Amino acid sequence: MGLQRDWAVFLEEYPLVLAPVFTDPPFAPGEELRDEESHQRIQRALRLCTATSFVGVPAVAVPTGVVEGLPYGVQLIGRSYREDLCLEAAEAVERRLGVLAPIDPRP
């Protein structure tokens, strides 16, 4: 499969990628249920998560903070069979920022 090969070649040069979880700003809880346009916007914002799942590379999402009441985070993407690098990097992020989960649910 060409996509898997392309990711493998890219990750040989860059064995760990720090990327956003969402490629758009975070959305309010329940926004994806509001209408079809909102649902599509959120689906598009998750395109990087979808791509990494599709090609089968390991990734881990780490919360990085809350801005204006909405959670932000990053994902760390690694080469196939290198989940250890992703988890070590996630641990480094948590050491630097602190453990930010679980969050208090809103009423």
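Residues: numbered from 1 along the sequence shown. All of these numbers come straight from a predicted model, not from anything done at the bench.
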Check for a donor-acceptor pair, side chain of Glu94 on one end and backbone N or O of Val99 on the other, with a separation under 3.5 Å. no
Sort and list the pairs that fulfil salt bridge (Lys or Arg N to Asp or Glu O under 4.0 Å) and have at least one residue in residues 33-43, not counting sequence neighbours. Glu31-Arg34, Glu31-Arg41
To the nearest 0.5 Å, what is the distance between OG1 (Thr52) and CG (Leu46)? 10.0 Å
Quick check for you: to the nearest 0.5 Å, what is the distance between Arg96 atom CZ and Glu91 atom CD? 15.5 Å
Find out if a path of hydrophobic residues (ILVMFWY) with successive side-chain heavy-atom gaps under 4.5 Å connects Val21 to Leu16. no
Looking at Leu85 and Pro15, what are the two nearest heavy atoms and their distance? CD1-O, 4.4 Å
For residues 9-21, which residue pairs pass the side chain to side chain donor-acceptor pair (under 3.5 Å) check, not counting sequence neighbours? none
For Val62 and Ala90 the tightest heavy-atom approach is CG2-CB, 3.5 Å
If you compare all heavy atoms of Gln75 against all heavy atoms of Cys49, which two are closest, and at what distance to 0.1 Å? NE2-SG, 3.5 Å
Could you pull out the closest heavy-atom pair between Leu76 and Cys86, with the gap in Å? O-SG, 3.7 Å
Given side-chain hydrogen bond (donor to acceptor under 3.5 Å, both in side chains), test Thr23 with Arg47 step by step and report yes or no. CA-CA 7 Å; Thr23 57; Arg47 61 185 162 248; 3.2 Å; yes
I'd like to know if Phe54 and Ile42 are part of one continuous hydrophobic network [Ile/Leu/Val/Met/Phe/Trp/Tyr, side-chain heavy atoms within less than 4.5 Å]. no
In terms of hydrophobic clustering (I, L, V, M, F, W, Y; side-chain heavy atoms under 4.5 Å; direct or indirect links), are Phe22 and Val74 co-clustered? no
Listed by chain and number, what are the side chain to side chain contact (heavy atoms under 4.5 Å, CB included) partners of Tyr72, not counting sequence neighbours? Pro25, Pro26, Thr64, Val67
Taking all non-hydrogen atoms of both residues into account, name the closest pair between Gly78 and Leu11 and its distance. O-CD1, 3.4 Å
Please give me the minimum heavy-atom distance between Pro20 and Leu48, naming the atom from each residue. O-CD2, 3.9 Å
